[in-house]
Engineer: 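Please read through the structure below; I'll follow up with questions.
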Amino acid sequence: MALRVYNTMSARKEEFTPVEEGKVRLYVCGITAYDYCHIGHARANVVFDVISRYFKWLGYDVNYVRNFTDIDDKIINRANELGMDSRELAEKFMTAFDEDMRALNCDSPTNQPKATENIDQIIDLIEGLIAKGLAYESEGDVYYAVRGFPGYLKLSKRNMDEMIAGARIAPGEQKKDPMDFALWKAAKPGEPQWNSPWGAGRPGWHIECSAMSMRYLGESIDIHGGGKDLIFPHHENEIAQSEGATGKPFARYWMHNGFVNVDQEKMSKSLGNFFTVREILEKYDPEVLRFFILSVHYRSPIDFSEKNLEDARHGLIRFYEALKLVEELAAVSESESSADSISDEDEKAWEPAANMLDNFREAMNDDINTALALGNLFEAVRAVNRVVAEKKGEGNPEWLKRLKEFHSRMLDVGRVLGLFQSSPEAWLNSMKTSGLEEAGLSVERIEALIEERKAARKDKDFARADAIRDELAEKGIVLLDSPQGTTWKKK
RNA sequence: GGCCCCGUCGCCAAGUGGUAAGGCAGAGGUCUGCAAAACCUCCAUCACCCGUUCGAAUCGGGUCGGGGCCUCCA
């Protein structure tokens with residue numbers, strides 16, 4: 001099955017065919033740099049990171065552009081509140097954003113342009129729109145005359161007249177029509193400003209994306225992405241600007257990710273249920289957060305809660321336990337090859353693992369269904385665990401080869417998802433040691449107790465042995481006995 | 001008021017015409033001194049009603065419930 005993606009414009013899944021064969025031009029709206037990024041940003045960027053990686057995995061040459069909005073009312077206001085220079089403020093949060101993305105294992109886009117580095121392109125674009133009669137200057141501001149663009153609202157499928165009732169004109173705006181929006185804003189004294197044909201000022205909210213998309217990707221691109229909340233007005237305005245200026249289709253596919261809710265409610269500052277990525281990463285492993293995000297289809301709402309994150313953590317542990325098991329078996333079995341090939345009946349047991357790549361591709365081809373893809377991977381894990389548990393074909397070369405195949409395929413699809421790349425041993429270790437202090441424990445203390453219990457068990461003093469285990473269990477530590485000795489993990 | 005989305009097992013979540021993936025939790029079993037992990041087995045007819053169809057969780061209409069956008073927002 002060919003790759004199909006849901007296109008907001010047509011409101012259906014469409015087969016993906018790029019503007020230019022073998023290449024993908026992808027533009028995703030980035031952040032306005034006036035605060036730390038939150039879990040909603042994390043979701044959007046993880047989702048498009050996976051989309052970009054998947055296209056690469058399919059062999060496309062991907063040009064992924066994600067902008068920074070580093071000049072905007074919100075930045076100016078926040079800088080004023082803090083008594084900071086607005087440029088400094090923007091720098092600080094752009095750096096923080098990059099750090100957060102790195103923590104979440106998001107690859108850097110091909111280009112990460114900033115609005116302030118594209119002022120000339122923005123001015124050119126606005127001049128072009130004025131020349132075409134689609135924009136007009138008004139007391140140092142420039143507005144887009146929305147009535148002049150026939151396709152306006154085609155993405156959000158709204159009705160202009162019905163919207164006007166609710167529209168409002170902000171003080172100081174000199175619009176001819178309430179639906180018009182600002183392309184350029186005259187600077188107030190003391191505000192950051194650039195010279196323009198209309199006097200000193202700065203770009204409006206939407207024009208930068210049109211300018212940067214065109215500069216870095218061309219007049220027509222393949223995919224334009226962002227959160228659902230950007231459909232109106234941001235993306236609608238981008239279409240008006242870009243298509244108004246070029247007369248060409250702006251983007252072939254519009255992809256929008258769903259919202260993040262917190263405990264069933266929309267995350268918002270007014271509700272006080274607002275989490276930054278940094279806050280979450282203090283408590284949770286970044287890979288767990290990433291896994292959680294990918295466990296839901298990108299267009300569905302996702303509910304962020306302790307319980308759901310904890311479930312995700314257990315799920316990821318299952319994957320790493322399996323990888324660890326396979327690595328250990330592969331290492332031990334290296335030298336002892338015996339027996340012949342695998343039996344026909346065992347062939348069936350291996351099936352989910354053998355079909356991993358096909359199943360993965362099929363799930364991802366259906367509008368990047370990462371939730372299904374992960375479900376399929378869980379099945380492959382179970383198949384492998386089962387084969388190992390039943391000791392079928394243990395030690396024979398074919399068996400070993402398949403274990404290794406499973407392992408390399410896990411890492412292969414894991415690279416697309418941005419998961420499973422840590423050393424299982426180290427990752428599982430970090431899982432068990434995090435949060436020990438809060439429980440009033442240390443690794444040394446636990447190991448001392450294990451030693452004591454070992455002695456007790458040797459003396460068949462099981463009462464004492466169990467008491468030690470129960471004591472640790474109360475603090476969330478589980479002991480695991482094996483022929484090689486006793487290890488432990490966090491519940 | 002306008003536009004739009006959703007309602008699948010205790011929780012999370014795939015599935016959008018062919019007879020319900022997966023994870024977490026839970027029950028029983030194998031293993032174990034006892035446990036844990038792993039494995040095996042078990043655990044839903046898809047909010048409700050009425051239609052279309054040989055056949056519907058999937059299509060249409062209605063009811064109830066939840067949510068979003070229309071203002072900066074991923």
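The analysis underlying the following values was restricted to heavy atoms, covering all of them including side chains, and did not include hydrogens, waters or symmetry mates. Each chain gets a letter, A, B and so on, in the order the sequences are listed, and its residues count up from 1.
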Engineer: What integer number of Å spans the P atoms of U19(B) and G28(B)?
Structural biologist: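 Looking at atom P only, U19(B) and G28(B) are 34 Å apart.
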Engineer: Between G7(B) atom P and H297(A) atom NE2, what is the distance in whole Å?
Structural biologist: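 Atom-to-atom, H297(A) to G7(B), this comes out as 13 Å.
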Engineer: Could you pick out which residue, D466(A) or P301(A), lies toward the 5' side of RNA chain B when each is mapped onto its nearest nucleotide?
Structural biologist: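 Comparing both residues, the 5'-ward one is P301(A).
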Engineer: Please produce a list of atom pairs where a protein N or O lies less than 3.5 Å from an N or O of nucleotides 30-32 of chain B.
Structural biologist:
none

Engineer: Using the C1' atoms only, state how far A14(B) lies from C24(B), rounded to an integer number of Å.
Structural biologist: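 It works out to 15 Å between them.
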Engineer: Given that F291(A) and I302(A) both sit by RNA chain B, which one's nearest nucleotide is further toward the 5' end?
Structural biologist: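 Closer to the 5' end of RNA chain B: I302(A).
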Engineer: What distance, rounded to whole Å, do you find between the two P atoms, one in U8(B) and one in A57(B)?
Structural biologist: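 Their P atoms lie roughly 15 Å apart.
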Engineer: Between C3(B) and U71(B), how far is it from one C1' atom to the other, in whole Å?
Structural biologist: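 Pairwise C1' distance, C3(B) against U71(B), rounds to 16 Å.
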Engineer: Between the base of G33(B) and the ring of F462(A) - centre-to-centre under 5.5 Å, planes within under 30° - is that a stack?
Structural biologist: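 Answer is yes, a stack.
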Engineer: Please classify the nucleic acid contact of G227(A) as base, sugar-phosphate, or nothing, using heavy-atom distances under 4.0 Å.
Structural biologist: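 Since only primed, P, OP1 and OP2 atoms lie under 4.0 Å of G227(A), the category is sugar-phosphate.
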Engineer: Mind checking if D229(A) touches a base, just sugar-phosphate, or nothing, with heavy atoms under 4.0 Å?
Structural biologist: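 Touches a base.
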Engineer: What nucleic acid atoms does V47(A) come within less than 4.0 Å of, heavy atoms only: base, sugar-phosphate, or nothing?
Structural biologist: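 No contact.
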Engineer: If I compare all heavy atoms of R202(A) with all of E191(A), which pair ends up nearest, and what's the gap?
Structural biologist: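 Shortest heavy-atom separation between R202(A) and E191(A) comes out as NH2-OE1, 3.2 Å.
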Engineer: Under 4.0 Å between a side-chain N/O of N369(A) and OP1 or OP2 of G15(B), yes or no?
Structural biologist: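 True: N369(A) side-chain N/O within range (under 4.0 Å) of G15(B) OP1/OP2.
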Engineer: If you compare every side-chain N and O of N308(A) against the phosphate oxygens of C12(B) (OP1, OP2), does one of them come in below 4.0 Å?
Structural biologist: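 No.
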Engineer: Is any side-chain N or O of R318(A) closer than 4.0 Å to OP1 or OP2 of A38(B)?
Structural biologist: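 For R318(A), the contact criterion (side-chain N or O under 4.0 Å from OP1 or OP2 of A38(B)) is met.
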Engineer: Please report the interatomic distance CZ(R469(A)) to CG(L449(A)), rounded to the nearest 0.5 Å.
Structural biologist: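 Those atoms lie 13.5 Å apart.
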Engineer: Check whether any side-chain N or O of R386(A) sits under 4.0 Å from OP1 or OP2 of C40(B), and answer yes or no.
Structural biologist: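 It does, given that an N or O in the side chain of R386(A) lies less than 4.0 Å from OP1 or OP2 of C40(B).
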Engineer: L479(A) near the nucleic acid: base, sugar-phosphate alone, or nothing, with a heavy-atom cut-off under 4.0 Å?
Structural biologist: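 Answer is base: heavy atoms of L479(A) come under 4.0 Å of a base.
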Engineer: With a 4.0 Å cut-off on heavy atoms, is R299(A) in touch with a base, just the backbone sugar-phosphate, or nothing at all?
Structural biologist: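 Contact class for R299(A): none.
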Engineer: Suppose you measure atom P in C49(B) against the same atom in A56(B); what distance do you get, rounded to whole Å?
Structural biologist: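 My reading of the P atoms in C49(B) and A56(B) gives 14 Å.
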Engineer: I'd like the P distance from C40(B) over to C48(B), given in whole Å.
Structural biologist: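 Per the computed distance, 32 Å lies between those P atoms.
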Engineer: In Å and rounded to the nearest 0.5 Å, what is the CG to CZ distance from L309(A) to F292(A)?
Structural biologist: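 Those atoms lie 6.0 Å apart.
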Engineer: Is any side-chain nitrogen or oxygen of S300(A) closer than 4.0 Å to OP1 or OP2 of A14(B)?
Structural biologist: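 For A14(B), OP1/OP2 do have a side-chain N/O of S300(A) under 4.0 Å.
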Engineer: Classify the nucleic acid contact of R43(A) as base, sugar-phosphate or nothing, counting any heavy atom under 4.0 Å across all strands shown.
Structural biologist: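 Result for R43(A) = nothing.
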Engineer: How close or far is atom P of G22(B) from atom CZ of F378(A), stated in whole angstroms?
Structural biologist: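 Rounded to whole Å, this separation is 12 Å.
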Engineer: Determine: side-chain N/O of R382(A) to OP1/OP2 of G23(B), distance under 4.0 Å, yes or no.
Structural biologist: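 For G23(B), OP1/OP2 do have a side-chain N/O of R382(A) under 4.0 Å.
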Engineer: Taking atom C1' in both A35(B) and G29(B), what distance in whole Å separates the two?
Structural biologist: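 About 15 Å, rounded to a whole number of Å.
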Engineer: Which whole number of Å gives the distance between the P atom of U52(B) and that of A13(B)?
Structural biologist: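 Result for the P pair: 34 Å, nearest Å.
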Engineer: Are F93(A) and Y36(A), when compared by the centres of their aromatic rings, separated by less than 6.0 Å?
Structural biologist: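 Yes - the distance between ring centres of F93(A) and Y36(A) falls below the 6.0 Å cut-off.
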